[in-house]
*Asks:* 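Sending over a structure as structure tokens; questions will come in a sec.
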Amino acid sequence: LEQPTPAPRDFVRAPLADAAEQRAASETLRPLRRLTSPRFFSTTPSGVRVPGLSAVPDVADAQGRARPVLFVGNHQLVGVLDIPLVVEELLTRRGI
């Protein structure tokens with residue numbers, strides 16, 4: 001039996017916080033950032049780990065279509081603490 005081709009998915013886009021909301025969130029996270037001094041790394045397509053988020057793929061492909069990005073990490077114990085820092089870093093450094 002031949003499987004039907006699935007319809008393209010329309011990913012939900014959440015509105016980004018405006019500049020004032022981003023500043024307020026960053027200010028709220030400032031003590032946690034100072035306490036933990038987080039470091040961010042990303043992996044290139046060839047498997048090389050690099051400091052920062054430069055290897056995080058763009059959120060759009062060559063045709064400008066949104067595409068998903070999978071983030072992998074160990075967030076079982078401290079997910080409540082590190083996820084806000086990851087989101088802030090992505091918004092600040094990459095605009096995503």
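Just so it is clear, the structure is predicted and the values come from calculations on it, not from any experiment.
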*Asks:* Does Phe40 form a side-chain contact (heavy atoms from CB on, under 4.5 Å) with Leu90? I'd like the steps, not just the answer.
*Replies:* CA-CA 10 Å; Phe40 297 91; Leu90 286 167; over 6 Å; no
*Asks:* With side chains defined as the heavy atoms from C-beta onward, is the minimum distance between Leu53 and Phe41 less than 4.5 Å?
*Replies:*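 They are not in side-chain contact.
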*Asks:* Can you tell if the side chain of Ser42 reaches within under 4.5 Å of the side chain of Arg49, non-hydrogen atoms only?
*Replies:*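 Ser42 vs Arg49: side chains apart.
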*Asks:* Connecting only ILVMFWY residues whose side-chain heavy atoms lie within less than 4.5 Å of each other, what is the rest of Val50's hydrophobic cluster?
*Replies:*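 Direct or chained contacts put Val50 with Val48.
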*Asks:* Under the salt bridge (charged side-chain N to carboxylate O under 4.0 Å, His left out) rule, collect the residues that match up with Arg23, sequence neighbours excluded.
*Replies:*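 Salt bridge (charged side-chain N to carboxylate O under 4.0 Å, His left out) list for Arg23, sorted by chain: empty.
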*Asks:* For Glu21, give me all partners under salt bridge (charged side-chain N to carboxylate O under 4.0 Å, His left out), at least two apart in sequence or on another chain.
*Replies:*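 Salt bridge (charged side-chain N to carboxylate O under 4.0 Å, His left out) list for Glu21, sorted by chain: empty.
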*Asks:* May I ask you to test the Pro38-Arg33 pair for a side-chain heavy-atom distance under 4.5 Å?
*Replies:*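 They are in contact (side-chain heavy atoms under 4.5 Å apart), so the answer is yes.
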*Asks:* Let me confirm one number: the CD-CG distance from Glu89 to Leu29, rounded to the nearest 0.5 Å.
*Replies:*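 If we round to the nearest 0.5 Å, Glu89:CD and Leu29:CG are 11.0 Å apart.
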